[in-house]
Protein chains: 2
Amino acid sequence: MNELRRPDARPLYVQVEAILNERIVSGEWKSGQAIPAEPELAAELGVSAGTLRRALARLEQRHLIERRQGRGTYVSQQTSQQALGLFFRVRNFAGKPVRPESFITGVTTGPATPEEAARLRLSPGEAVHRIDRRRHLEGEPRIAERIALPAALFPGLSLPLAPKQLGAEIYVHYRNAHGIIVVSAEEDLSAASATEEEAALLGCPVGAPLLLIERVTFDAAGRPVELRVSRLDTRAHRYAVEIV
Amino acid sequence: MNELRRPDARPLYVQVEAILNERIVSGEWKSGQAIPAEPELAAELGVSAGTLRRALARLEQRHLIERRQGRGTYVSQQTSQQALGLFFRVRNFAGKPVRPESFITGVTTGPATPEEAARLRLSPGEAVHRIDRRRHLEGEPRIAERIALPAALFPGLSLPLAPKQLGAEIYVHYRNAHGIIVVSAEEDLSAASATEEEAALLGCPVGAPLLLIERVTFDAAGRPVELRVSRLDTRAHRYAVEIV
DNA sequence: CAGTGGTCTAGACCACTTT
DNA sequence: AAGTGGTCTAGACCACTGA
């Protein structure tokens, strides 16, 4: 049933983590659903409660599950609010997190550029969907961004077009429509000058300094699922980073 | 001897972590020194090995100690290399971490500005030391920065003046000369245009976009110990962020 | 109240490092 | 061989949740 081997190279709790991770990735355990209680799971997998708990703690740290004393263990819902809290690090000058409003300005599909292929680990020329968005912070246009998605992962890309869904995080849409659970990201940050087009979009002078964010997002299976290039007007906002 | 109470609000392993943290902060256990083995420590503190291990794991995660099977547990040395690996997130376009060369251009002491007082949790007008530096990446001047330190924490600020020490991380100097162990930082990032002065220093056009990094650093006791404002020329480098 | 996760303990065994 | 940290187990007890 399980391929658990004691004298494996990896510790038992890592093997258990991988098994449970796979159950979530495969959709056997769906988002928001309760998973079996500790004693039951431990018995099924043939490990002690302590080992199982250690695996569950690692899944919780990766935000794949949520545990609450007395309630149970649930596969993360990745609601809009949670996704924003984890992945949207913009604050205003008072230090308060802000919620963006998003407006899609264009959707296209075409062969990946060399840059996109490299970052998304695609073969040269594989198809990608591209979404262009404008995002408002506290009522003002502050972010211009382009999102590139491997077409193979998002067959027949269905976009949320209702105004209500436009405000929601797109990661929630990935999960609902394509079963992709986003868990981590790598970003490269730099400074750039606003082009004419960006200046018009953001209402800033041509050549104004913008914070350029190039993000590659990964799902629970470790696949790169999104390349996002954002330009943030920092006249009224900051990007927050914590180092531990 | 210890004030460990079982029905405390905090779990035992958190209380143990705090006790061990205090021994490091107070200098009872010095940087690089081995601490007692698990059985000895557990007996001394009157807790089980499991509880002690959990506390040690948390200290290790905060980079305050290092553990190696067969060798023992050591208070972190915070060598130059380790400090850079944790706190210096600049990469070149190949994605490789780069080591900065640092040149101090000025040192002054004076009353804190309102901004400095707020970020460093000082009373208005308390004294701060200020260090201005220019930093080179791969041979070129790329960073202009000012570091503000609470004078109360750095009595008679002794600066490393030998050329060799100039290259080392200043956090290593904090530890060696003032016993301050740096463990975490919060940063606000934005984009700014180069002033005439910065342009001259960095060899870029006036108005060129720079990545502006405002960092507050905290020590093992949770005190803010440094406000650092850096301006990074991103023509040849990126600032790397990981989100988990 | 029953059932859940969270804490704490005690002890066995293993893998690694040093002498 | 002796001593270290790393893994795994089994079980007791507590704190929280919901019916």
Side-chain angles (χ1 to χ4, degrees), chain A residues 1-21 23-24 29 32-77, chain B residues 1-21 23-24 29 32-77:
Chain A
M1 188 145 329
N2 310 312
E3 323 79 24
L4 279 181
R5 292 182 217 298
R6 305 313 168 81
D8 187 332
R10 297 181 303 172
L12 243 194
Y13 63 85
V14 175
Q15 301 178 48
V16 171
E17 180 195 7
I19 289 175
L20 303 183
N21 186 84
R23 291 193 184 177
I24 296 172
W29 289 342
Q33 179 182 333
I35 75 176
E38 284 187 13
E40 187 182 337
L41 249 188
E44 185 217 332
L45 295 170
V47 300
S48 76
T51 298
L52 173 65
R53 279 189 65 75
R54 201 161 169 182
L56 290 171
R58 290 165 64 95
L59 290 170
E60 188 178 26
Q61 211 167 10
R62 293 168 55 211
H63 305 286
L64 270 178
I65 61 174
E66 290 165 17
R67 320 195 70 194
R68 280 233 303 271
Q69 199 175 38
R71 291 231 327 130
T73 301
Y74 297 79
V75 180
S76 287
Q77 284 241 235
Chain B
M1 182 126 3
N2 310 315
E3 324 80 22
L4 279 183
R5 290 181 220 299
R6 304 312 168 85
D8 188 329
R10 297 182 303 170
L12 243 194
Y13 62 85
V14 175
Q15 300 178 48
V16 170
E17 179 194 9
I19 290 175
L20 304 183
N21 185 83
R23 291 192 184 176
I24 295 172
W29 290 340
Q33 180 182 330
I35 75 176
E38 286 186 12
E40 189 182 337
L41 250 187
E44 186 219 332
L45 295 169
V47 300
S48 75
T51 299
L52 173 65
R53 278 188 66 75
R54 200 160 170 182
L56 291 171
R58 291 165 64 94
L59 291 170
E60 189 178 26
Q61 210 168 10
R62 293 169 54 210
H63 305 285
L64 270 178
I65 61 174
E66 289 165 16
R67 321 196 70 196
R68 282 233 302 271
Q69 198 176 38
R71 293 234 322 133
T73 301
Y74 297 81
V75 180
S76 286
Q77 284 241 232

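So that the names make sense, note that chain A is the first sequence line, chain B the second, and so on, each numbered from 1. Quick caveat: nothing in here was measured; it's all calculated off a predicted structure.
Distance check, rounded to the nearest 0.5 Å: CD1 of B:Ile24 to CG of B:Leu64 gives 5.0 Å. For the atom pair CD of A:Gln77 and CD of A:Gln33, the computed distance is 11.0 Å after rounding to the nearest 0.5 Å. Atoms OH and CD1, from A:Tyr74 and A:Ile65 in turn, are 12.5 Å apart once rounded to the nearest 0.5 Å.
The two residues A:Ser76 and A:His63 make their nearest non-hydrogen contact at OG-O, 2.8 Å. The two atoms that bring B:Ala55 and B:Glu17 nearest to each other are CB-N, 3.7 Å, heavy atoms only.
Axis angle, first five pairs versus last five pairs of the helix from C:dC1-D:dG18 to C:dT18-D:dA1: 10°, rounded to 10°.
You'll find the side chain of B:Glu60 stays beyond 4.5 Å of the side chain of B:Thr73, heavy atoms only. Two residues are said to be in side-chain contact when any heavy atoms from C-beta on lie closer than 4.5 Å; A:Asn21 and A:Arg62 meet this criterion. Counting heavy atoms from C-beta on, the side chains of B:Leu56 and B:Glu38 come closer than 4.5 Å.
Contacts between residues 60-75 of chain B and DNA chain D, counted as heavy-atom distances below 4.0 Å, involve B:Arg67, B:Arg68, B:Gln69, B:Gly70, B:Gly72, B:Thr73.
At the phosphate of D:dC8, neither OP1 nor OP2 sits under 4.0 Å from any side-chain N or O atom of A:Tyr13. Considering only side-chain N and O atoms, A:Thr51 lies under 4.0 angstrom from the phosphate OP1 or OP2 of D:dT9.
Partners of A:Pro36 under the side chain to side chain contact (heavy atoms under 4.5 Å, CB included) rule, at least two apart in sequence or in another chain, are A:Trp29, A:Glu40, A:Leu41.
Comparing C:dC8, D:dG6, D:dA10 by their closest approach to the side chain of B:Ser48 singles out C:dC8. Among C:dT9, D:dT7, C:dG5, the nucleotide with an atom closest to any side-chain atom of B:Val47 is C:dT9.
B:Arg53 comes within contact range of at least one nucleobase, with a heavy-atom separation under 4.0 Å.
In this entry the distance linking CG of A:Leu12 with P of D:dA10 reads 12 Å, nearest Å. Between the P atom of D:dT4 and the CG atom of B:Leu41 lies a distance of 11 Å, rounded to the nearest Å. Here the C1' atom of nucleotide D:dG5 and the CD1 atom of B:Ile35 are 11 Å apart, to the nearest Å. Going from atom CD of A:Glu38 over to atom C1' of D:dA10 covers 14 Å, rounded to whole Å. We find that CZ of A:Arg54 is positioned 16 Å from C1' of C:dT7, with the value rounded to whole Å. Atom P of nucleotide C:dG11 and atom CG of B:Leu52 are separated by 16 Å, given to the nearest angstrom.
Residue-to-nucleotide proximity on DNA chain D shows that, of B:Glu40 and A:Val14, the 5′-proximal contact is made by B:Glu40.
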